[in-house]
Undergrad: 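My structure is below; once you've seen it, I'll send some questions.
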Amino acid sequence: MDDHPNASGIISDIQKFSLHDGPGIRTTVFMKGCNMHCHWCHNPESLGFQPDIVFYRTRCIDCQACYQICPTGALTKKENERNFDRSLCNHCHRCVQHCPSGALCLIGNEMTVDEVVSLVAADLPYYVASGGGVTISGGEPFLQPKFVAELLKQCQALGIHTAIESNMSAPLQVIEPALLHLNMIFCDIKIFDDQVHEKETGVSNQMILENIRQVSARKIPLVIRTPLIPGVTDSRENISQIATWISQNTVAEYYELLTYNPLAPAKYENLGLPYKLGKVNPLRKDKINDLVAAASACGIPVVCERI
Amino acid sequence: MQQLSLEDKKQIYSRRIALLRSDKIAETQKKLKYKGYMDEDDYHYLVPPEGYDWSPVATHENGDFHGYTAWARNYESMTGSFPPVVVPYSSMAGNYFKILHRFRKVRWNPEYDFSEFLPMIEKYEIDHGIGQVHHFCGDVRIGLELGWGGLLNKVRRYASINALDQETREFYAAEETVIISIINWIRRTSQCVQEKLAQENDPLLRNNLAEMFQANRWVEENPPRTMREACQFICWYNIAGRCFNREGAGGQLDVLLFPYYLADIEKRLIDDEDAVYYIAGVLLSDTKYYQLGGPDENGNDLVNRVSWLILEAADRLNITANLTVRMHDGLDRAFFRRAVELLFEHKNAWPRFSGDKSLVSGFIQNGFSRELARNRIAVGCNWMAIPGVEYGLNDSIKVNLAKVFTVAFEDLAQERQPTTDALWQFFEKHLAAALDVVFKTTDFHLRANRYNSPELFLNLFCRGPIEKGRDASDKSLDYYTIGVDGAGIAVAADSFAALQQRVEREHRISWRKIIRTLQENYEGPEGLRIRQLMLTAEKYGQSNSLGLEWAVRISQLFSRLVSAGHSSEGARFIPGLFSWSKTIAFGKQVGATPDGRLAGTPINHGANPMPGSVKNGEMTTISEAIIAVQCQRGNTAPFQMELDPGISRMHGGVEKVMALLETHLDRGGTLINVNIVDADMIRAAHANPELYPDLVVRVTGFSAYFATLSPEFRQLVVDRLMEAQ
């Protein structure tokens with residue numbers, strides 16, 4: 001599906017009036033599928049490549065339509081509680097089609113570039129007025145590189161400012177075609193220590209750092225981010241090391257510290273996934289300020305919009 | 001005060017304004033105890049002192065009073081009963097305690113029978129125009145030029161020319177009584193100022209009272225000469241008009257005051273601090289609707305130094321203020337930015353923003369010139385008017401489209417083979433019938449209202465009534481452009497869409513079943529299932545949805561039928577979409593609807609989609625939907641915009657909101673009311689989330705419906721907003 005210019009991609013969501021994913025008013029296209037496995041990920045619906053069934057318990061009216069239609073017995077009722085044994089699910093999605101209340105939803109749509117461009121372009125006047133545009137996010141966008149490159153190309157041809165949020169862990173030649181059509185890049189350096197990075201995300205950070213260095217040399221405006229995950233990325237040492245590396249190897253517009261998003265656990269529950277990070281308290285204000293100060297000491301502009 | 005440095009003066013005035021603000025808040029609390037919930041703006045009037053007892057004299061056996069003489073004499077008596085109000089630290093004197101109109105019981109003179117219209121009025125539950133008052137705009141410049149004494153002379157002069165019959169004599173005599181009542185009221189207040197002056201020891205307050213006395217003594221009869229006198233005159237205009245019949249249209253306040261400001265500045269009589277203090281007094285006198293900025297007849301921006309000072313005064317006062325910034329291509333960008341910043345700084349939902357482009361091009365569609373259209377300014381809840389020459393009954397006449405839909409649906413239920421095409425034909429027929437009643441009742445009002453509730457106050461500030469000896473409701477103005485608002489467009493459109501999608505296209509439910517389910521108000525487990533099915537159909541507000549298609553179709557039909565309305569009295573009808581605060585009342589009139597709405601529950605607000613229709617409350621999507629349903633005739637279909645206060649803390653947040661407002665209005669929107677979701681509201685929603693189903697919070701990258709969040713997470717948002725404050 002990703003082999004020709006008018007290819008289709010798997011999209012987990014398209015969010016209009018997005019104000020946090022780059023300059024101005026934007027539309028964020030969330031690509032489905034990620035090669036990293038960060039157990040704190042706040043977009044678990046974007047992790048897998050295939051469409052996922054999500055269950056919103058509060059919307060369920062217990063009409064039993066899903067039990068009756070499920071051909072494999074994945075959906076049953078046990079002790080007055082609706083039970084969804086995902087191991088039995090054959091992904092026929094008939095339960096979603098028959099759910100009247102939207103309690104069962106499918107996350108992940110196969111869409112063509114034209115379809116996405118048409119949705120994105122609908123807000124063109126708002127991008128023009130605000131200096132906004134489109135941001136491709138994920139999941140990891142560069143796992144669907146041809147689709148993404150074509151989408152960016154077509155958006156740019158319409159005069160739409162383009163940005164991407166990527167973990168930059170794909171080989172440079174995979175990323176390369178999209179770079180031609182990007183006005184801005186947001187990328188993460190989550191953990192500076194390579195071994196810890198690999199342990200926490202499943203991926204080494206060596207290629208990431210090299211890619212960021214290469215991209216920075218292309219003079220595409222670049223923002224580097226670190227999500228502040230309590231107990232994982234939020235040490236002074238980690239932030240200082242990353243900030244130092246940024247100051248020595250890039251010409252990033254700024255370094256952004258992203259505060260932990262506590263919405264994530266509910267999303268895991270809706271997807272029937274375990275939330276391995278467990279219960280975590282958000283960082284205190286003084287701790288955040290300390291990390292901002294540590295990063296700023298390296299001589300780079302630092303941004304942190306506290307939630 | 002002139003000897004003080006600007007900084008000292010600023011401190012003194014700011015302290016006084018802060019005191020006035022806390023007085024206002026205390027008075028509002030008092031009013032809540034005295035009157036209970038008000039469900040409307042409180043207009044800044046005062047609770048009467050203990051022992052105050054006044055009631056009007058009835059002139060009809062129904063216990064009500066009607067016509068010129070009865071209104072004038074009761075007004076004279078009521079204003080005479082008001083104790084004078086003088087606050088030594090305020091810049092302006094005067095206030096009131098009662099609204100004469102509110103004493104009326106029947107609100108129509110039964111000698112003029114309109115029972116022939118009642119069956120149709122009741123069938124469609126129409127808010128018709130018979131007996132409606134004000135909702136047009138006086139031109140305060142007439143008073144500023146003449147003063148109360150000059151107005152009195154004008155009335156007497158035209159009376160000597162025109163008062164040839166009993167009715168006209170009565171008209172002029174009533175106008176004379178109204179003016180003399182106001183002059184006497186001001187005179188009594190001036191005396192009170194003098195008495196307070198004699199008792200005051202503080203030199204600065206003595207100075208203020210002395211100036212207040214001079215200003216009031218002068219404007220008793222004379223046209224104002226200075227900024228302070230002009231502001232005091234406008235205060236009396238506000239108070240005297242509001243207590244007559246609740247009249248609330250202001251005007252282009254910055255332009256009205258600018259010549260006085262300029263003259264005083266040139267003579268070094270005042271500085272900006274004095275001007276802010278005076279303007280704060282005007283804003284405190286009443287919650288009138290004022291427009292700021294906008295184009296003049298030639299398209300040049302009207303923003304001047306006074307426009308800024310009005311924002312400054314409103315900023316320091318920080319109470320309810322109905323200020324509307326008129327957006328156009330030439331608007332001062334810095335002024336626009338400051339207006340948006342104030343929205344976030346105070347979260348008090350002011351200012352609002354109106355769109356010159358579509359208001360002007362729409363009004364031109366009615367056959368008027370561009371110059372005239374530009375003079376039609378924002379002076380009401382949802383409405384525009386040309387001060388002094390246009391009678392509109394704006395925001396008074398409303399057709400509940402959801403109700404019309406249910407009447408049409410009842411007809412459809414009798415059909416052997418129901419279809420949405422057939423339903424549309426019934427809807428067209430019933431909407432035409434409902435509007436026919438609107439047109440006929442408006443004509444009836446224009447023929448007879450002067451015998452019921454004449455516009456004795458606003459007549460003085462219009463061009464025509466005094467000159468011709470006829471009430472403003474009696475065709476003495478230049479333009480009779482009657483506003484007719486449609487309400488509940490989302491309920492009607494979503495209902496058509498849900499039927500088309502779920503019944504006709506998907507065959508998920510049969511016509512017979514949905515008809516029976518609606519009759520049973522979606523009761524029982526099966527009703528619940530069907531309701532969810534209809535609720536999750538494509539809604540108005542969503543991009544490229546069936547709901548949007550139907551909404552556009554309904555809006556176009558409504559606009560066409562209203563614009564083509566015939567009036568035997570020479571009026572034109574102008575369509576708009578607005579429910580005012582009647583979303584609950586109108587909802588109670590309507591049974592269960594195919595969009596999944598339960599019987600008796602509220603309809604949508606104004607031109608907004610039903611709460612929850614648009615994913616994550618995406619503002620650009622809602623904006624485009626509201627643009628698509630504009631009636632394009634110069635009246636509004638406002639966008640009720642709810643924003644998270646956190647946006648202002650984001651990098652470039654204010655600019656993003658500016659872009660959103662600008663783009664909506666540039667692309668055809670007419671008026672935007674912005675609500676910043678406040679921490680108090682969040683707390684209340686935290687306690688009872690079910691009462692706030694459409695409250696959206698922005699978290700970091702995400703936005704989510706507050707009610708859908710877990711209690712723990714809601715607490716987090718509450719804490720965050722508390723911290724932000």
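Per chain, numbering begins at 1; letters A, B, ... match sequence-line order. Below, all heavy atoms of this structure are taken into account, side chains as well, without hydrogens, waters or symmetry copies.
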Undergrad: Checking B/Glu624 against chain A: side chain, backbone, both or neither under 4.5 Å from a heavy atom?
TA: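 Contact with chain A involves both backbone and side-chain atoms of B/Glu624.
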Undergrad: Which answer fits A/Gln97, side chain, backbone, both or neither, if we ask what part of it has an atom under 4.5 Å from a heavy atom of chain B?
TA: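 Answer is backbone: N, CA, C or O of A/Gln97 sit under 4.5 Å from chain B.
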Undergrad: Mark yes when over 12 heavy atoms from residues, nucleotides or ligands other than A/Arg284 sit less than 6.0 Å from its CZ; otherwise mark no.
TA: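 Open: at most 12 neighbouring heavy atoms sit under 6.0 Å from CZ of A/Arg284.
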Undergrad: Tell me which of these, A/Ala103, A/Ala129, A/Ser137, A/Ser101, has more heavy-atom pairs under 4.5 Å with chain B than the rest.
TA: A/Ser101
Undergrad: Look at B/Arg531, B/Met534, B/Met658, B/Gln532 and state which one has the largest set of heavy-atom pairs under 4.5 Å with chain A.
TA: B/Gln532
Undergrad: Check whether any side-chain heavy atom of A/Lys16 sits under 4.5 Å from a side-chain heavy atom of B/Ser543, and report yes or no.
TA: yes
Undergrad: Can you measure from CG (B/Asn544) to CG (A/Leu119) and round to the nearest 0.5 angstrom?
TA: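 Taking CG in B/Asn544 and CG in A/Leu119, the distance rounds to 7.0 Å.
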Undergrad: Quick check: does any side chain N or O of A/Ser130 sit under 3.5 Å from a backbone N or O of B/Glu655, one acting as donor and the other as acceptor?
TA: no
Undergrad: So, using side-chain contact (heavy atoms from CB on, under 4.5 Å) as the criterion, who are the partners of B/Glu506 when residues are at least two apart?
TA: B/Gln501, B/Arg502, B/Arg508
Undergrad: With a 6.0 Å cut-off (strictly less than), is the heavy-atom count around NE2 of A/His98, excluding the residue itself, greater than 12?
TA: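 No, not enclosed.
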Undergrad: Taking non-hydrogen atoms and a cut-off under 4.5 angstrom, which of residues 659-669 of chain B neighbour chain A?
TA: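 Residues in range: B/Ala659, B/Leu660, B/Thr663, B/His664, B/Arg667.
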Undergrad: How long is the span from the CZ atom in A/Arg59 to the OG1 atom in B/Thr536, to the nearest 0.5 Å?
TA: 10.0 Å
Undergrad: Side chain, backbone, both or neither: which part of A/Leu124 has a heavy atom under 4.5 Å from chain B?
TA: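 For A/Leu124, neither part sits under 4.5 Å from chain B.
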Undergrad: Apply ring pair (Phe, Tyr, Trp, His ring centres under 6.0 Å) to A/Tyr275 and list each qualifying residue two or more places apart in sequence or on a separate chain.
TA: A/Tyr268
Undergrad: Does the side chain of B/Lys615 reach to within under 4.5 Å of the side chain of A/Asp13, using non-hydrogen atoms?
TA: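 B/Lys615 reaches A/Asp13 side chain to side chain.
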Undergrad: Hey, is CD on B/Gln632 packed in by over 12 heavy atoms from elsewhere, all under 6.0 Å?
TA: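 Not more than 12 within 6.0 Å, no.
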Undergrad: Quick check on B/Thr620 against chain A: is it the side chain, the backbone, both or neither that has a heavy atom closer than 4.5 Å?
TA: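 Interface part for B/Thr620: both.
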Undergrad: Can you name the side-chain contact (heavy atoms from CB on, under 4.5 Å) partners of B/Glu549, sequence neighbours left out?
TA: B/Leu546
Undergrad: Is any side-chain heavy atom of A/Tyr126 less than 4.5 Å from a side-chain heavy atom of B/Lys656?
TA: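 No, their side chains stay 4.5 Å or more apart.
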Undergrad: Measure the CE-CG distance between B/Met619 and A/Asp123 for me, rounded to the nearest 0.5 Å.
TA: 12.5 Å
